[in-house]
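When a residue number appears, it is its place in the shown sequence, counting from 1.
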Amino acid sequence: MSASSRSGALPGDPADTVGGAATARALCLLAPNPSPMTLDGTNTWLLCEPGSELAVVVDPGPLDEGHLRTVIDAAERQGRRIALTLLTHGHHDHAAGAARFAELTGTQVRALDPAHRLGDEGLHGGQVIEVGGLELRVVATPGHTADSLTFHLPADGAILTGDTVLGRGTTMVAHPDGVLGDYLDSLRRLRGLAAEHGVHTVLPGHGPVLADALGTVEYYLAHRAARLAQVETAVEAGYRTAEQVVARVYADVDKALWPAAELSVRAQLRYLEDHGLI
């Protein structure tokens with residue numbers, strides 16, 4: 001861990017590398033799909049209770065045969081069988097490989113959105129999933145997308161956040177499916193887990209593991225408040241369209257990310273309109 005990370009200069013106290021063992025129950029297998037939007041690639045999570053023969057996979061990732069088999073091989077090297085596949089949300093970089101993965105492993109795929117399920121069982125906030133002694137609690141965290149979920153791994157004091165919280169940078173609210181008000185409520189829900197229920201580790205869908213869950217979520221909330229203020233100021237200065245606001249507010253951001261920024265700006269504009277602020 002770098003000195004700057006130890007001193008708290010980087011939000012969330014990120015790990016130096018991406019992939020590998022993260023907690024006593026969580027192993028990250030990095031998909032080979034790096035990009036400005038996916039950072040190092042998609043983090044596929046292999047979860048199992050120590051001593052158990054059964055494992056759970058969260059977010060198999062893109063439809064990449066090599067990656068899917070790598071995940072299966074990792075479980076087999078540990079002497080474990082994959083018994084269940086879960087999705088944090090339905091975006092293709094997390095879920096496109098799920099159907100093929102289910103075929104390879106003989107598992108069900110459980111998700112909030114029925115369109116991404118394979119099998120009769122879905123997911124919803126408040127559920128507790130138990131597989132081979134492993135306990136996961138399902139937390140509804142809409143906002144990035146309407147179907148976004150977080151999985152709370154209480155034995156490790158960890159949360160698997162998908163795209164709701166990233167290991168580096170901040171996420172977009174994917175308007176119109178994503179809603180900023182919902183996203184802010186979800187961040188506050190995660191802040192409550194971190195402050196009151198012993199959650200300290202973030203296992204994100206992209207980027208490095210974060211050791212300071214509370215600091216991360218507080219940074220996200222402050223960042224969102226600052227961006228909202230910038231967007232409101234831009235509108236008051238005469239920048240009316242989402243494209244104009246992006247060029248004004250995100251001028252220091254790589255233009256390759258402007259399409260994603262535009263989705264977030266549209267969500268911010270809707271939020272400001274709904275609250276009578278513009």
| request: Begin from the C-alpha positions of V231 and Y239 and carry the test side chain to side chain contact (heavy atoms under 4.5 Å, CB included) through to its verdict. | output: CA-CA 9 Å; V231 170; Y239 297 86; over 6 Å; no
| task | State the CG-OG1 distance between L68 and T44, to the nearest 0.5 angstrom. | result | 7.5 Å
| message | Side chains of L47 and V58, heavy atoms from C-beta outward: is any pair under 4.5 Å? | response | yes
| request: Please tell me if the side chains of S186 and S148 come closer than 4.5 Å, counting only heavy atoms from C-beta onward. | output: no
| message | Do L203 and T161 make a side-chain contact, defined as non-hydrogen atoms from C-beta onward lying under 4.5 Å apart? | response | no
| query | Nearest heavy-atom pair of A102 and L118: which atoms, and what distance? | reply | CB-CD1, 3.8 Å
| said: Could you check whether R110 and Q108, counting side-chain N and O atoms only, form a donor-acceptor pair closer than 3.5 Å? | reply: no
| request: Determine whether L84 and V57 make a side-chain contact, defined as any pair of heavy atoms from C-beta on separated by less than 4.5 Å. | output: no
| query | So do V173 and L263 actually touch side chain to side chain, heavy atoms under 4.5 Å? | reply | no
| query | Can you tell me if D156 uses its side chain to pair, donor with acceptor, with the backbone of A158 under 3.5 Å? | reply | no
| field | D120 atom CG: more than 12 heavy-atom contacts under 6.0 Å | value | no
| Heavy-atom distance under 4.5 Å between the side chains of L30 and H67, does that happen here? | no
| How long is the span from the CZ atom in R100 to the CG atom in D64, to the nearest 0.5 Å? | 12.0 Å
| said: A quick test of your reading: do over 12 heavy atoms of other residues, nucleotides or ligands sit less than 6.0 Å from CZ of R248? | reply: no
| Taking R117 for the side chain and A111 for the main chain, is one N or O donor matched with an acceptor at less than 3.5 Å? | yes
| field | Ring-face cation contact, Y250 with R227, 6.0 Å cut, 45° max | value | yes
| Salt-bridge present (E49, R25; N to O < 4.0 Å) | yes
| note | To the nearest 0.5 Å, atom NE2 of H200 lies from atom OG1 of T23 at 9.0 Å
| note | Taken to the nearest 0.5 Å, the spacing of Y271 OH from E232 CD works out to 10.5 Å
| query | Can you find a heavy atom in the side chain of R224 that is under 4.5 Å from one in the side chain of Q268? | reply | yes
| Would you say L210 and L166 are hydrophobically clustered, going by side-chain heavy atoms of ILVMFWY under 4.5 Å? | yes
| query | Between W45 (side chain) and V56 (backbone), is there a donor-acceptor pair under 3.5 Å? | reply | no
| task | Would you please say whether a donor-acceptor pair under 3.5 Å links the side chains of N33 and T42? | result | yes
| task | Using atom types as modelled and distance alone, determine if a side-chain donor or acceptor of Q78 lies under 3.5 Å from a backbone N or O of A75. | result | no
| field | Steps toward side chain to side chain contact (heavy atoms under 4.5 Å, CB included) verdict (D182, L184) | value | CA-CA 6 Å; D182 291 344; L184 295 173; over 6 Å; no
| Salt-bridge present (R80, E76; N to O < 4.0 Å) | no
| Contact summary for A98 and V109, nearest pair of heavy atoms | O-CG2, 3.8 Å
| query | Does CD belonging to E243 count more than 12 external heavy atoms closer than 6.0 Å? | reply | yes
| Does the side chain of D59 pick up a donor-acceptor pair with the side chain of T88 at under 3.5 Å? | yes
| Should the pair R191-E218 be classified as a salt bridge under the 4.0 Å nitrogen-to-oxygen rule? | no
| For the student: nearest non-hydrogen atoms of G238 and Q244, plus distance | O-OE1, 4.3 Å
| query | Just how far is it from atom OH of Y183 to atom OG of S264, taken to the nearest 0.5 Å? | reply | 8.5 Å
| remark: For T85 and P60 the tightest heavy-atom approach is CG2-CG, 3.5 Å
| Salt-bridged, E262 to R266, with N to O below 4.0 Å? | yes
| said: Ignoring hydrogens, what is the shortest heavy-atom contact between P62 and A31? Give both atom names and the distance. | reply: CD-CB, 3.8 Å
| query | What about L160 and L87, same hydrophobic cluster or not, with Ile/Leu/Val/Met/Phe/Trp/Tyr joined at side-chain heavy-atom distances under 4.5 Å? | reply | no
| message | Is any side-chain heavy atom of C48 closer than 4.5 Å to one of R81? | response | no
| request: Show your working on side chain to side chain contact (heavy atoms under 4.5 Å, CB included) between V235 and L269 and close with a plain yes or no. | output: CA-CA 9 Å; V235 172; L269 291 172; 3.7 Å; yes
| request: State, to 0.1 Å, how close L136 and F151 come at their nearest heavy-atom pair, and which atoms those are. | output: CD2-CB, 4.2 Å
| query | Hey, is NE2 on H197 packed in by over 12 heavy atoms from elsewhere, all under 6.0 Å? | reply | yes
| query | Would you say the side chains of S35 and T38 form a donor-acceptor pair under 3.5 Å? | reply | yes
| So, D147 side chain and G90 main chain: donor-acceptor pair closer than 3.5 Å or not? | yes
| query | Is the distance between the ring centroids of H116 and H94 less than 6.0 Å? | reply | no
| message | In this structure, would L187 and V179 fall into the same cluster of hydrophobic residues linked by side-chain contacts under 4.5 Å? | response | no
| query | Going by atom types alone, do D163 and H89 pair a side-chain donor with an acceptor below 3.5 Å? | reply | yes
| query | Measuring from L180:CG to M172:CE, what's the distance to the nearest 0.5 Å? | reply | 13.5 Å
| query | Do V138 and L86 sit in the same hydrophobic cluster, where Ile, Leu, Val, Met, Phe, Trp and Tyr count as joined when their side-chain heavy atoms come under 4.5 Å apart? | reply | yes
| Does L123 share a hydrophobic cluster with I159, counting links as ILVMFWY side-chain heavy atoms below 4.5 Å and allowing steps through other members? | no
| Are H144 and H91 close enough that their ring centres sit under 6.0 Å apart? | yes
| Is a side-chain donor-acceptor pair under 3.5 Å present for T150 with T141? | yes
| said: Test your reading of the model: is there a side-chain donor-acceptor pair from D13 to the backbone of A211, 3.5 Å cut-off? | reply: no
| task | Return yes if some donor-acceptor pair links the side-chain N/O of R189 with the main-chain N/O of A140 below 3.5 Å, else return no. | result | yes
